[in-house]
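Structure, as structure tokens:
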Amino acid sequence: MIQGKTITLYEKTKQGVDEFNQPIYSEKPITVENVLISPTSSDDVVNALNLTGKKAVYTLGIPKGDQHNWEDVKIEFFNQVWHSFGIPIEGIEENIPLKWNKKVMVERYG
């Protein structure tokens, strides 16, 4: 049976704005269980690099029913810190037979 890993998602909360009127965020670590972690295919790496200038390393499979914001957030797994980019791709839960219905790409952070 396929089983995902427990990862740490750093959920951002807007705290205000700075002197340049840019948002200031605080981050709160949240544990998310059963996340699939797979190497990104070479085609997807090239496409992401051409479209966004970012090099996708892993693609995460997000469990059905998860309501966290996965767009532009810090994520920790494999004792390293990663950063999600792009809009998470989501399928219709009822039409997908496994436990995951979203995916998001991550790049190495820092």
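Nothing here was measured: the structure is a model prediction, and the numbers come from that model.
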Subject >> Hydrophobic cluster membership, V81 vs V35, 4.5 Å side-chain cutoff >> reply: no
Original post:
Do F77 and V104 sit in the same hydrophobic cluster, where Ile, Leu, Val, Met, Phe, Trp and Tyr count as joined when their side-chain heavy atoms come under 4.5 Å apart?
Top reply: yes
Work out which heavy atom in [X] is nearest to a heavy atom in [Y]; give both atom names and the distance.
| X | Y | answer |
| --- | --- | --- |
| K14 | V17 | CE-CG1, 4.2 Å |
| S26 | Q15 | OG-NE2, 3.0 Å |
| M105 | A56 | SD-CB, 3.5 Å |

Determine yes or no for a side-chain-to-main-chain donor-acceptor pair under 3.5 angstrom, with [X] supplying the side chain and [Y] the backbone.
| X | Y | answer |
| --- | --- | --- |
| S84 | V73 | yes |
| N101 | G91 | yes |
| E11 | N69 | no |

Does [X] reach the side chain of [Y], with side-chain heavy atoms less than 4.5 Å apart?
| X | Y | value |
| --- | --- | --- |
| H83 | I75 | no |
| F78 | I37 | yes |
| E33 | T6 | yes |
| L36 | K99 | no |

[atom1]/[X] to [atom2]/[Y] distance, rounded to the nearest 0.5 angstrom?
| X | Y | atom1 | atom2 | result |
| --- | --- | --- | --- | --- |
| K55 | R108 | NZ | CZ | 12.5 Å |
| K102 | L60 | NZ | CG | 12.0 Å |
| M1 | L98 | CE | CG | 9.0 Å |
| L9 | D66 | CG | CG | 8.0 Å |
| W100 | I62 | CH2 | CD1 | 11.5 Å |

Subject >> Residue from Y10, W70, Y109, Y58 passing ring pair (Phe, Tyr, Trp, His ring centres under 6.0 Å) with W82 >> reply: Y58
Original post:
If you draw a 6.0 Å radius around CD1 in I87, do more than 12 non-hydrogen atoms from other residues or ligands fall strictly inside?
Top reply: no
**OP:** Count the heavy atoms of every other residue, nucleotide or ligand shown that sit under 6.0 Å from NZ of K74, and state whether that count exceeds 12.
**Re:** yes
